[in-house]
Participant: 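Before we start, here is the structure in question, set down as structure tokens.
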Amino acid sequence: MINVLELINRILIYLGINFGMYGTYGQYVQEILVYLIASLLILLAASITIIIVIYVFRKYMADLQQRIGPNRVGPYGILQLVADALKIFGKEDIIPDRADPLIFRFAPYIVFTFLVLSYLVIPYGNLFGIDLTFVNVKYTLLLLIAFSAIAPIGEVLAGFSSGNKFSMLGALRAAAQDLSYEIPMVISALGVVVLLSGTGNSLNLSDIAKNPWPLAILEPIGFFVFFIAMVAKMAVVPFDLPESESELVSGFNVEYSGLRFGIFYLGVFGSIFLASLFISVVYLGGGSDFIFYGSGYIWLLIKAFIFMFIFLTLWIALPRIRVDRFMNFGWKILLPLSLINLVWSVMLVSLGVF
Amino acid sequence: MEERIIDVNFGPQHPSTHGVLRLKVKLNGETIVEAHPIIGYLHRNAEKLSESKFYPSVLIFMDRLDYVSNHNMELGYVLAVEKLADVEVPERAQWIRMMVVELNRIASHLVWLGTMGLDLGMITPFFYTFREREKIVQMFEMLSGARLTYNYISIGGVYKDVPNEFKEKFMEFYNEFPKRLEEIQKIFDENEIFIQRMKGIGYLSPEDAMSYSITGPVLRASGINYDIRKKFPYLHYDKVEFEVPTSKGCDNYARYQVRIEEMKQSLRIAKQAFDRMPEGEYFNPLYRKQGLLKIKGKGEVYSRTESPRGEFGVYIVGDGTYRPYRVRIRSPAFHNLSATNIMVRGLKIADMIATISTLDPVFGEVDR
């Protein structure tokens with residue numbers, strides 16, 4: 001099995017680009033070049049995925065609501081998103097007088113950058129003998145949690161810098177919501193770490209994904225808490241409190257227009273698919289091979305798409321929960337449950353079950 | 001900790017203010033300290049304009065009052081003019097009017113149900129309710145040729161007779177609608193979040209309801225059995241069987257339940273009216289010959305009808321000319337909206353939106 005970075009390096013050498021032969025510094029340059037290409041690949045892949053997710057969402061929602069959905073631009077409306085993107089590019093980029101211009105400009109990029117970085121950390125498994133793991137450090141689980149925790153900060157900054165009361169309320173909600181789901185999420189992920197502590201490096205996502213048992217069966221409570229936290233993380237109905245268009249108009253992004261708004265819009269769908277990937281990597285074996293050698297990546301995609309459809313169905317079917325009830329739910333139900341899950345994992349380990 | 005109260009303007013351009021309601025809200029964090037509705041953004045001067053029109057021409061203003069239940073608005077005005085000018089109405093027209101008005105009540109409540117879902121963040125039920133409403137609108141199109149401003153109920157009868165295709169369509173709707181309504185009801189009632197968002201929220205005590213002169217489903221949801229169709233029957237409401245649903249819940253959920261029940265009762269009334277509709281004239285032959293513009297009357301009349309939002313009153317003063325001297329409209333949604341502040345004080349922002357949506361204001365009628 002060959003790692004994707006190694007593959008890129010070999011292709012570069014094959015093309016005659018090899019800084020590695022100019023000593024140690026040349027090797028650094030070569031490595032940076034490889035990482036740059038890998039990041040661009042991920043950026044491209046993430047963008048394409050987001051576009052697919054948006055198209056699937058619109059068609060699926062239309063189907064559930066007995067509509068047809070996009071069907072005018074291109075066959076089956078697949079070019080509708082291109083048309084939307086062109087429209088959004090053409091819009092004026094308005095920065096309100098009351099806004100803090102610097103933070104206002106940067107907030108969408110914070111959201112999107114860390115979204116793409118999170119995509120970089122996920123081990124995509126094995127595709128026909130190519131190991132699609134882009135980041136080969138030990139603690140990818142921590143990295144992923146950290147990256148995905150920074151994205152909501154972009155939302156908070158966007159809300160506060162807009163100089164609008166609605167977006168300020170949205171930012172306050174984003175901050176409160178962030179705290180209420182993130183702590184249970186991390187503790188339930190800690191359950192997995194404890195469970196796998198005997199089997200090697202349990203802070204590495206590839207190692208977590210590699211274990212033969214789907215952890216969702218061993219840790220149903222943790223899985224449940226993690227699932228709910230993921231729904232809260234992507235901030236869609238029933239937990240779309242920072243945005244809640246029927247209460248706060250559009251919440252934290254109410255003042256945004258044009259491309260910057262588009263970035264927030266992409267961010268929502270990007271985080272839906274990221275959450276699906278995250279949950280299938282941690283709890284359902286991720287991209288480990290199953291039945292066929294070299295089919296791990298495809299299995300990961302199948303798992304992620306199943307989760308994505310569950311998330312989208314929740315979005316389409318449910319009303320929005322009230323903000324204080326969500327806080328109560330996070331602190332009074334999810335947190336104790338995740339602690340129970342931690343105790344349960346410790347029990348499993350100490351009894352030698354796992 | 002320091003408490004800071006901020007003023008926020010909700011509307012008039014806001015996705016969930018049902019048109020152009022503006023709310024001046026004082027917020028303490030997420031909690032509402034005060035909320036004052038400010039109206040008038042859709043004021044079109046219907047009352048004053050009516051004074052310069054002939055009696056039948058005023059009908060177009062009535063159509064545009066409550067644009068969700070136009071037939072009910074027309075009926076209120078037409079009944080008042082008929083009382084003023086002593087116009088006789090053929091029996092068949094009375095029953096057609098009843099059927100049409102009750103169907104319109106269903107359509108109006110369906111719009112309310114869908115938009116309430118939107119206000120709570122549910123997008124999907126909206127499409128289901130509008131699918132059902134579409135069938136009613138198509139029936140109205142068969143009758144009057146219009147989809148929104150029908151101008152159908154006219155002084156001296158109705159504008160056109162019921163066509164033959166209508167009967168088939170009506171029976172199809174009658175058989176199918178209860179099933180569909182049950183389906184839609186399930187989406188709401190079996191949803192824990194919906195119940196949490198509605199139960200115990202937006203409390204309106206019976207005393208407050210009476211002192212704010214609230215009428216319609218909102219009043220009945222506060223436990224007071226007051227329905228003009230029963231208390232002061234007009235048309236043939238005393239000859240048909242129906243119940244007036246009430247609830248003692250006084251909250252958003254009670255208002256939701258009352259409206260759902262009302263839809264079922266309305267369907268019942270519409271069916272009875274449809275069945276008992278006699279053959280004969282649908283429009284007073286006298287006025288077909290001489291035209292409606294000759295109508296005049298002297299004196300004061302007040303007609304009250306039960307619109308989907310409550311008591312819709314039309315007060316007309318005639319001075320013996322062809323034009324009304326004064327037309328005054330008692331708008332139920334206007335009175336219902338006046339209780340906003342006492343209902344939403346101390347609630348969260350999300351609950352305020354839900355509460356206002358259960359009051360079901362339509363601003364064409366509030367601002368007139």
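Here the structure is a predicted model, which means the values were calculated and not measured. Note that these values count all heavy atoms, side chains included, but never hydrogens, waters or copies made by symmetry. Residue numbering restarts at 1 for every chain, and letters A, B, ... go by the order of the sequence lines.
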Participant: What part of A/Asp240 gets within 4.5 angstrom of chain B, counting heavy atoms only: side chain, backbone, both, or neither?
Facilitator: neither
Participant: Is the NZ or CZ atom of B/Lys135 both under 6.0 Å from the centre of the six-membered ring of B/Phe173 and within 45° of that ring's axis?
Facilitator: no
Participant: On the ring face of B/Phe130, is B/Arg133 found with NZ or CZ under 6.0 Å from the centre and within 45° of the axis?
Facilitator: yes
Participant: In terms of heavy-atom proximity below 4.5 Å to chain A, should B/Ile201 be classed as side chain, backbone, both, or neither?
Facilitator: side chain
Participant: Applying a criterion of heavy atom separation less than 4.5 Å, what residues of residues 225-234 of chain A form contacts with chain B?
Facilitator: none
Participant: Quick check: are there more than 12 heavy atoms from other residues, nucleotides or ligands sitting under 6.0 Å from CD1 of B/Ile38?
Facilitator: yes
Participant: Need one label for A/Val323: side chain, backbone, both or neither, based on atoms under 4.5 Å from any heavy atom in chain B.
Facilitator: side chain
Participant: Compare all side-chain heavy atoms of B/Leu181 with those of B/Ile106 and state whether any distance is below 4.5 angstrom.
Facilitator: no
Participant: Does A/Arg67 have more than 12 heavy atoms from other residues, nucleotides or ligands lying within 6.0 Å of its CZ?
Facilitator: yes
Participant: So what's closer than 4.5 Å to chain A heavy atoms on B/Leu118: side chain, backbone, both or neither?
Facilitator: backbone
Participant: Answer yes or no: is there an ion pair linking A/Glu255 with A/Arg98, defined by an N-O contact shorter than 4.0 Å?
Facilitator: no
Participant: Would you call the rings of A/Phe329 and A/Phe326 parallel, tilted or perpendicular if under 30° counts as parallel and over 60° as perpendicular?
Facilitator: tilted
